[in-house]
Amino acid sequence: MRALAADPSTDAQIASARGLVKIYGTGAAQVRALDGIDVDIARGELTAVMGPSGSGKSTLMHCMAGLDTATAGRILVDGEDIGAANERRLTKLRRNRIGFVFQAFNLIPTLTAAENITLPLDIARRPVDQDWFDAVVDAVGLRDRLAHRPAELSGGQQQRVACARALVSRPAVVFADEPTGNLDSRSAAEVLSFLRRSVDELGQSVVMVTHDPTAASYAHRVLFLADGRLVAEVEHPTPDTVLDVLRDLSGPARGAHTSAPTAARTAEPVR
Amino acid sequence: MTRVALRSIRSHLGRFVMSIVAVLLGVAFVSGTFALRTMMAGTFDDIVATSAQADVYVRGTEIASQTGGGSMGVGGNRTLVPLALADELAQVDGVSAVTPDVTGPIILVGSDGTAVLAAGGAPSFGLGYDPQDPTTTIAAGRAPTSPGEIALETSTLEASGLAIGDPTQVLLGGALTDVTVVGEVHFDAAIAGAIFVMLDLQTATQAWAADGLVPDIGVFAADGTDTDRLLADVQAVAGGDTEAISGADLRAETTAQIREMLGFVGTFLLVFAGIALFVGAFIIANTFQMTVRQRQREFAMLRAVGASPSQVFGSILVQALVVGVVGAAGGIAAGVGLVAVLRMVLGSFGMELSGAIPLDGFTVGVSIAIGALVSLVAAAIPARHAALTPPVEAMREEDVRHEGGAARWSGALGAVLTVGGAAAVVLAATDRLGDGNELGLAAGAIAALIGVLLLAPALVPGGLGALAWPAAATMRPLGGLARGNVTRNPRRTASTAGALMIGMALVGAAAVIASSTQASVRSVVETESTSDYLLRSATYDVPSGAVDAVAALDDVDQVLTVEVAMLAVDGSVHDVVGVDRALFERALDVPVVSGDLAALDRGEAVARVSAAEENDWQVGDRIALEGSTGSQTVTLGAIVDTQAIDTTLMVPQGVLDELSSPAEQTINTAFVMLTDGADAATARDDLTAAVQPFLIVSVMDNDEFADALSAQVDQVLVILYALLGLSVVIAVLGIVNTLALSIAERTREIGLLRAVGLGRLQLASVVTIESVLTSVFGTLLGVGLGVGLASALPSVYADSGFTDLVIPWAQLGTFVGLAVVVGVLAAIWPAVRAARMDVLDAVSYE
């Protein structure tokens with residue numbers, strides 16, 4: 001494993017967590033979703049977070065992205081301590097420093113693709129940098145679909161619009177939660193290679209939660225979670241190395257979950 | 001399945017609260033209306049029962065077949081009977097007492113020196129106290145025995161602030177008389193706020209039956225006398241010019257007339273109850289749509305474990321039934337409360353209604369049935385949708401929209417109705433429908449209203465798009481987001497706005513009618529009245545003493561009166577005005593259409609153009625007039641186009657006096673002409689001083705006269721604004737409900753917006769803009785429709801004095817401003833709810 005930075009606020013880390021604990025519920029129903037996690041997310045890398053259902057990977061992302069508040073521990077995003085931030089500052093942080101790509105329902109159905117892309121800038125009342133907008137739109141290959149509504153776009157196109165939206169405000173870091181979970185393999189490959197290119201060519205930092213070893217193999221580094229703890233990591237992964245680690249992590253009882261991630265997700269209890 | 005349905009209501013009570021409140025409001029109006037009507041009918045029944053206790057009545061024969069109008073079923077449209085008949089009747093076998101009805105107008109001066117006026121326009125009655133009359137008892141003091149003595153009914157005594165032994169004055173037969181209160185009289189019945197003053201019989205007879213004629217005579221039977229026999233005997237004595245009727249029949253007849261009158265009031269209230277329920281149905285449908293959506297997975301699961309579509313459908317309907325019945329039960333309670341409050345308010349004005357608030361099985365049954373039925377009908381569509389959605393589709397996250405052909409059909413029907421209704425209104429307005437003008441106007445208006453309601457969904461995208469443009473342009477991206485939200489489900493936005501639209505259409509039309517009426521009145525006064533001053537009375541009857549006092553002033557040249565009495569004109573009862581020709585020569589400048597006003601000097605009649613057209617009268621026609629004291633046939637001598645005197649026919653004063661008794665005539669207005677060179681200001685002071693003792697008389701110049709007439713219109717408007725308040729409350733509920741529904745549906749979208757940085761305040765702003773857009777849209781449609789329809793009125797009702805069309809832009813602007821306020825108010829709760837939504841819940845909601 002990579003050694004943790006002595007001072008997490010240095011420029012090498014875009015985001016980091018120390019002693020992160022998240023507890024849901026109380027008494028008998030209590031769940032320790034995150035059980036003391038220390039992690040550094042490197043600047044200018046695509047970092048994948050993997051783990052079986054209930055491992056806490058989504059909770060980790062939600063906490064680090066300021067969508068959820070941690071029970072204990074310290075989180076720094078782009079040098080800012082977000083554990084201490086109130087809702088108002090978190091909103092500003094999300095608006096200005098963080099980009100999001102979700103698994104589904106990424107776009108506002110009443111806005112066109114172009115309006116969806118510039119939405120974070122409009123909300124922040126910041127001007128649109130037209131050159132950067134063009135660069136992002138060309139990178140995702142959506143130039144001719146800008147005037148369309150989400151309902152008129154394919155699933156892959158919708159996710160690419162979401163990626164463009166995440167990048168257009170030049171955030172410090174983009175958090176992607178299962179960005180390819182609803183896509184066929186070809187569309188998934190398009191989205192993933194775009195995310196990788198955004199890191200390699202545009203210098204973006206990206207954190208991606210995924211179930212899919214192939215998706216994880218696009219990352220510079222893969223973190224593995226189990227039962228709310230960081231248990232392994234792989235640098236420069238390939239699908240095979242990722243699968244090996246997953247096999248090691250899960251006992252025979254867990255095999256069904258990791259080998260059939262989609263089925264596992266729908267079997268999760270309804271919230 | 002029923003258990004599942006009931007459990008679901010219990011665990012999600014909050015969701016159903018809005019539906020229950022909607023049903024509650026609608027039902028409250030229905031049950032309140034029924035209860036009020038029963039209570040009022042009961043009060044009047046009591047009055048009838050106690051005021052008409054005699055066993056047999058002798059009254060005049062009917063002079064016209066018109067029903068209604070006549071109070072207590074006696075007088076008004078019947079001939080009078082001779083007072084002397086009372087003595088003959090007293091000789092009939094088995095008669096214990098005979099009580100002639102000696103009654104007429106009187107004004108009592110209270111302890112504070114002002115006139116004691118009944119609240120709510122209830123009349124002031126003077127009665128001759130007949131010791132033989134078993135229906136009145138002396139509660140304190142003694143009966144009046146001389147012209148200087150009066151007795152007061154218990155609540156009149158209270159309202160006047162006088163006590164037994166106090167000296168005061170009454171205005172009787174146009175003159176002020178000093179009197180002393182000598183007694184308190186108690187009636188068995190509630191008297192609904194009317195003022196009763198008792199005089200001794202002789203004084204009363206002089207004042208109101210000086211010509212020896214009274215409306216009716218009551219005959220009381222001695223114990224053990226057969227009423228039928230007595231009736232026959234009385235009729236035999238009374239003779240052919242009169243009619244004997246048993247007390248029971250008279251009471252039944254009177255009660256029926258009152259029921260008919262109250263039925264009209266009830267119908268009016270029920271229309272609003274109907275609107276409330278109609279809007280309530282939207283709210284219920286929306287709520288069930290929302291809960292059905294939220295529980296889609298639950299239904300899918302039930303379907304997956306083997307529930308049939310009809311079971312799912314049934315379980316939702318069971319819930320609707322519970323909501324309807326619970327809401328109706330609350331509504332009945334609220335309705336009773338409403339009536340209790342109303343009774344308290346009326347009571348504080350001195351208008352007491354009798355008895356407990358009635359709540360009969362019929363009211364309860366109808367209320368519960370209406371509540372249940374409305375809920376079931378409203379829930380049926382969402383229930384059907386839930387039942388027919390395949391389980392797999394329901395499990396999916398994405399919302400599947402079904403916009404079927406029904407939308408196009410209702411849009412087309414709406415367009416047809418709107419165009420057809422508008423065409424009917426235009427035809428009526430341009431007088432192409434002849435006698436059908438009024439019918440065409442009414443039917444056209446209703447058709448247009450329904451048409452616009454149906455058409456509204458089609459107007460949403462364009463109309464709201466345009467309305468939202470300023471917000472979208474100035475408040476990026478909030479305005480655009482709000483516009484997208486209100487236009488994405490046009491049907492829902494339209495039905496939400498519909499609630500406000502109906503209310504605003506009524507109010508918009510009322511505003512136009514009111515201001516046009518006021519303008520018409522003003523222009524009539526300005527163009528026709530050439531008098532210097534006018535005298536008017538708070539009781540619409542200027543005492544003749546005041547007229548005489550003014551006429552005696554040095555700077556007054558002449559006082560010309562307009563006296564009104566009810567006469568049968570060619571067999572039906574109308575207001576007939578007695579005038580002198582001088583009135584038209586000096587006080588009123590009236591265009592003569594045909595004939596000659598000199599006809600009045602020849603004892604001939606004058607008709608207004610509208611009345612002449614209606615009755616097909618030409619100059620030279622003979623018109624049969626019949627009053628309580630005589631009948632006469634007059635020649636129509638002239639037709640004039642006047643709006644100042646709102647009557648069917650004008651006859652010379654002398655003719656009116658021959659046909660009706662002075663007690664039946666009222667001086668509506670007296671026109672005062674000053675002598676040449678008199679100083680107007682000084683004269684006014686003199687006039688004011690002269691009428692001051694008469695308390696109820698006011699002196700006005702033409703401007704003030706117009707103001708006073710306008711003020712009457714304003715009073716009517718107050719009632720309409722109260723109803724506006726009601727429709728606004730319901731509309732707010734509807735908007736709140738729709739916003740809550742659409743926010744629940746947009747949970748994920750809201751989570752996404754919040755995730756990408758939309759602040760809570762910004763989110764609340766989006767919701768508020770949606771709300772304001774919806775309410776302004778509804779208001780504009782409603783006001784536009786109302787104003788459009790009302791604009792047709794002047795041309796249809798020009799003959800009835802509705803000459804000027806005035807659109808009160810400032811007032812209409814206020815309505816739109818009000819709509820903005822309504823929108824903001826309605827948005828508060830949903831906006832707070834949306835803003836409080838947990839971002840993570842919203843994002844990971846599945």
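These figures come from a predicted structure and were not determined experimentally. Chain letters run A, B, ... following the sequence lines, proteins first, then strands; residues in each count from 1.
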Inset, instruction - Taking the side chain as every heavy atom from C-beta outward, state whether B:Thr487 and A:Thr110 have any atom pair closer than 4.5 Å. - result: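 The answer is no, as the side chains (C-beta and beyond) never meet within the 4.5 Å cut-off.
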
Legend entry - B:Arg488 side chain reached by A:Pro109 side chain, heavy atoms, under 4.5 Å: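 A:Pro109 vs B:Arg488: side chains touch.
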
Legend entry - chain B contact via A:Leu107 - which portion, at a heavy-atom distance below 4.5 Å: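 The backbone, not the side chain.
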
Inset, instruction - Give, as side chain, backbone, both or neither, the part of A:Arg125 having an atom under 4.5 angstrom from any heavy atom of chain B. - result: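 For A:Arg125, side-chain heavy atoms alone lie under 4.5 Å from chain B.
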
Minimum heavy-atom distance [X]-[Y], with the two atoms named:
{"X": "B:Ala755", "Y": "A:Phe100", "value": "O-CE1, 3.0 Å"}
{"X": "A:Asp122", "Y": "B:Pro477", "value": "O-CD, 3.4 Å"}
{"X": "B:Val756", "Y": "A:Leu119", "value": "CG2-CD2, 4.3 Å"}
{"X": "A:Ile123", "Y": "B:Gly757", "value": "CG2-O, 3.3 Å"}

Inset, instruction - Under 4.5 Å, heavy atom to heavy atom: which of residues 157-165 of chain A reach chain B? Give them by number, or say none. - result: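 Within residues 157-165 of chain A, the residues under 4.5 Å from chain B are A:Arg165.
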
Inset, instruction - Measure B:Leu753 against the heavy atoms of chain A and call it side chain, backbone, both or neither at under 4.5 Å. - result: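 The answer is both parts of B:Leu753.
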
For [X], does the [atom1] atom have more than 12 heavy-atom neighbours from other residues, nucleotides or ligands under 6.0 Å away?
{"X": "A:Trp132", "atom1": "CH2", "answer": "yes"}
{"X": "A:Arg126", "atom1": "CZ", "answer": "yes"}
{"X": "A:Leu202", "atom1": "CG", "answer": "yes"}

Inset, instruction - Would you kindly say whether B:Gln762 and A:Arg95 are connected by a side-chain donor-acceptor distance under 3.5 Å? - result: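 Present: a donor and an acceptor within the cut-off.
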
Legend entry - N-O pairing of B:Arg754 and A:Glu87 below 4.0 Å: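 The answer is yes: the pair qualifies as a salt bridge.
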
Legend entry - Gap between atom CD1 of A:Ile108 and atom CG of B:Leu481 - 0.5 Å precision: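 Here the interatomic distance stands at 6.5 Å.
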
